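Right, one structure below, let's go through it.
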Amino acid sequence: MRNDVDRRCKLLLDLDAKKTILRKIPHALYICGVAEGENVNGFTASWVTQASFEPPLVVNCVKTDSGSNAMIKASGVFSLSFLDAGQKDMAQKFFKPQRRVGNKFEDVEFYLGETGCPIIKDSLGYVECRVVGSVEKGDHTVFVGEVISAGVHRDGNILELSQTGWNYGG
Ligand SMILES: Cc1cc2nc3c(=O)[nH]c(=O)nc-3n(C[C@H](O)[C@H](O)[C@H](O)COP(=O)(O)O)c2cc1C
């Protein structure tokens, strides 16, 4: 029964409309920092939102086939560095997979936070999260993270996906 409903919904779904309307959801850009033992990595993230005041929760959706996804699962922690509106180059560097480009932090200044995850020095600020839940249903894992540490580096406006001319979504 459930499968019949799923199949009918899929047939009726207007894919162009879905893409057009979902791309209207505003997103900012972050570098999600991950660590496993001595190894650190990071990737450009946009599917991030707040999910609770108390406890403070954020949702971070991470591609299941990315190196970072496996590292978050292994460590149970991640950081989010908030990018400045002028840091499109930084976002560009971090959307390439580590397995192809190697160490993305080679010429980027960072420090390790309380969770051991890398935090970009020249970002607006950061949060660090402990994973308290996750949903595995599609091609991204929905990680629910409790914010256990936060810091502000400087004032400024966040880099918005709409400013970049890129799309991620739809
Ligand atoms: C504009 C933009 C936004 C992105 N947002 C996300 C995101 O929210 N979640 C995600 O898992 N990947 C996102 N990505 C893709 C990752 O940055 C990309 O898969 C990266 O190569 C993963 O790095 P890794 O394999 O080294 O972990 C985005 C890419 C772009 C260009």
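The structure presented is a predicted model; accordingly, all values stated were derived computationally and were not measured. Both counts, for ligands and for their atoms, begin at 1 and track the order of listing.
For atom 11 (O) of ligand 1, the closest non-hydrogen atom of the protein is Lys63 N, 2.7 Å. Given atom 27 (O) of ligand 1, the protein heavy atom at minimum distance is Ser68 OG, 2.5 Å. Closest to atom 29 (C) of ligand 1 among all protein heavy atoms lies Tyr168 CD1, 3.6 Å. Distance from atom 18 (C) of ligand 1 to its nearest protein heavy atom, with residue and atom name: Phe95 O, 3.5 Å. Nearest protein heavy-atom neighbour of atom 16 (C) of ligand 1: Thr44 O, 3.7 Å. Protein heavy atom nearest atom 25 (O) of ligand 1, with residue, atom name and distance: Gly67 N, 3.3 Å. Atom 9 (N) of ligand 1 has its closest protein heavy atom at Cys61 O, 2.9 Å. The single protein non-hydrogen atom nearest to atom 5 (N) of ligand 1 is Ser46 OG, 2.9 Å, given as residue, atom name and distance.
Residue Asn167 places no N or O, backbone or side chain, under 3.5 Å from any N or O of ligand 1. When only interatomic distances are considered, the shortest N/O to N/O separation between Gly42 and ligand 1 does not fall below 3.5 Å. Taking only nitrogen or oxygen atoms, main chain and side chain alike, Trp166 does not reach within less than 3.5 Å of ligand 1.
Listed by number with element, the atoms of ligand 1 under 4.0 Å from a non-hydrogen atom of Val62 are 11 (O). Proximity to Trp47 (heavy-atom distance under 4.0 Å) selects the following atoms of ligand 1: 8 (O). Distances below 4.0 Å separate heavy atoms of Asn41 from the following atoms of ligand 1: 24 (P), 26 (O), 27 (O). Those atoms of ligand 1 that come under 4.0 Å of a heavy atom in Ala45, given as number and element, are 5 (N), 6 (C), 7 (C), 8 (O).
In this pair, Tyr168 and His140 present their aromatic rings perpendicular. The plane angle is above 60°, beyond the 30 to 60° band. In this pair, Phe78 and Phe143 present their aromatic rings tilted. The plane angle is within the 30 to 60° band.
Here the side chain of Asp84 pairs no donor or acceptor atom with the backbone of Ile158 at under 3.5 angstrom. At distances below 3.5 Å, not a single donor-acceptor pair connects side-chain atoms of Lys63 with backbone N or O atoms of Asn69. Using modelled atom types, no side-chain atom of Glu128 and backbone atom of Val147 make a donor-acceptor pair closer than 3.5 Å. The backbone N or O of Gly169 lies less than 3.5 Å from a partner atom in the side chain of Arg23, making a donor-acceptor pair. Within the 3.5 Å criterion, the main-chain N or O of Ile120 finds a donor-acceptor partner in the side chain of Ser123. Remark: the backbone N or O of Thr115 is not paired with any side-chain donor or acceptor of Arg130 at under 3.5 angstrom. The backbone N or O of Glu109 sits nowhere less than 3.5 Å from a side-chain atom of Lys121 that would complete a donor-acceptor pair.
You'll find the side chain of Met90 stays beyond 4.5 Å of the side chain of Thr44, heavy atoms only.
The option with the heavy atom closest to atom 23 (O) of ligand 1, from among Gln98, His140, Arg100, Lys104, is Lys104.
Note: Phe43 and Phe94 fail the aromatic proximity criterion, with ring centroids not under 6.0 Å apart. Aromatic pair His153/Tyr126: centroids less than 6.0 angstrom apart.
Only the backbone of Lys96 comes within 4.0 Å of ligand 1, counting heavy atoms alone; no side-chain atom from C-beta on gets that close. When non-hydrogen atoms are compared, ligand 1 lies under 4.0 Å from the side chain of Leu161 (C-beta onward) but not from its backbone. Neither the backbone nor the side chain of Val34 comes within contact range of ligand 1; no heavy atom lies under 4.0 Å.
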